[in-house]
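Contents: one structure, followed by commentary.
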Number of protein chains: 2
Amino acid sequence: MRKSIRSKRHEMVAQAIGEQRIRAGFTQYEVARRLDRHQPFMANIESGDRRIDVVELLDIAEIIDLDVPALIGRLRATR
Amino acid sequence: MRKSIRSKRHEMVAQAIGEQRIRAGFTQYEVARRLDRHQPFMANIESGDRRIDVVELLDIAEIIDLDVPALIGRLRATR
DNA sequence: GATAAATATCCGATTTTTGGATAATCGGAA
DNA sequence: TTCCGATTATCCAAAAATCGGATATTTATC
């Protein structure tokens, strides 16, 4: 946890991605590779060190089969 | 559009926000103010000069009453 | 055209991101 | 437990993006 953008909801996003990635049986390296990025890219996202925009979220979600609408629902219910 | 990473889908997000903001009757200044940001913040978002993370999108959507699930649906259908 | 409101642009200071290298951690096997 | 390979986390400096005050431009209304 290093950067400034730490909110409860940012944490939720990071955690949802990390958990679902593992559930789906991927390593950070594998997901990163599919996105043409490097492993630290995923590490930074999952640790919450890096912000993630909507388009990126959808790209990742598609790979790891993350339920984005459900995540958004939980985010909306959180302040 | 000045920065490097602009995709069709990023454009869609920017445009959806701009259009809905106007539809909802807000100025960039008003939305920015509610978010404790400055007017160029919204200008940069709507012009696609600035990426917008999921949490920010939800914050903005709540103010301008943007249908996020619908936007996401359109994003998923676009490559 | 004149004016005001709204939006876009400029730009330098600051912050964030990047990714190669490497360290630390985890998991399974023997 | 110890070893080993796989996975994840951390470091860091260069590159890129963001910030916001000031200002320019556009738009709307008269």
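Since the model is a prediction, treat every value here as computed from it, not as a measurement. Labels below follow one simple rule: chain letters A, B, ... track the order of the sequence lines, proteins then strands, and each chain is numbered from 1.
One atom, CG of N44(B), and another, C1' of dG21(D), lie 13 Å apart when rounded to the nearest Å. Distance CD (E19(A)) to C1' (dT8(D)): 16 Å, rounded to an integer number of Å. Nucleotide dG19(C) holds its P atom 9 Å from the CZ atom of R50(A), rounded to whole Å. Whole-Å rounding puts the I45(B) CD1 to dA8(C) C1' distance at 15 Å. Taking atom CE of M42(B) as the reference point, atom C1' of dC19(D) lies 15 Å away to the nearest angstrom. The distance from atom CG of D53(A) to atom P of dT16(C) is 16 Å, rounded to the nearest whole Å. Atom CZ in R37(B) sits roughly 9 Å away from atom C1' in dT18(D) (whole-Å rounding). With rounding to whole Å, I17(A) atom CD1 is found 16 Å from dT8(D) atom C1'.
The two residues I45(B) and A14(B) make their nearest non-hydrogen contact at O-CB, 3.3 Å. Contact record, R50(A) with R51(B): NH2-NH1, 3.3 Å, taken as the closest heavy-atom pair. Annotation for L58(B) and L75(A): closest pair CD1-CB, 3.5 Å, computed over non-hydrogen atoms.
The stretch residues 21-35 of chain B comes close to DNA chain C through R21(B), T27(B), Q28(B), each having a heavy atom under 4.0 Å from the strand. Of all the residues in residues 55-64 of chain A, not one reaches under 4.0 Å from DNA chain C with any non-hydrogen atom.
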* To do: Could you please spell out the steps behind the salt bridge (Lys or Arg N to Asp or Glu O under 4.0 Å) verdict for D65(B) and R21(B)?
  => CA-CA 8 Å; D65(B) 196 31; R21(B) 172 184 60 77; over 6 Å; no
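A 6.0 Å sphere centred on CZ of R33(B) holds no more than 12 heavy atoms belonging to other residues, nucleotides or ligands. Heavy atoms from other residues, nucleotides or ligands lying under 6.0 Å from CZ of R76(B) number 12 at most. Counting heavy-atom neighbours within 6.0 Å of E19(B) CD, excluding the residue itself, gives a total above 12. Other residues, nucleotides and ligands contribute more than 12 heavy atoms inside 6.0 Å of the CZ atom of F26(A).
Taking 4.0 angstrom as the limit, R51(A) places a side-chain polar atom (N or O) nearer than this to OP1 or OP2 of dT18(D).
Taking the side chain of H38(B) as heavy atoms from C-beta on, and the options dG21(D), dA8(C), dT8(D), the nearest nucleotide is dG21(D). Closest to the P40(A) side chain, of the nucleotides dT10(D), dA22(D), dT17(C), is dT10(D).
A donor-acceptor pair under 3.5 Å links the side-chain atoms of Q20(B) to the main chain of I64(B), judged by distance alone.
Counting non-hydrogen atoms under 4.0 angstrom, E46(A) reaches nothing in the nucleic acid.
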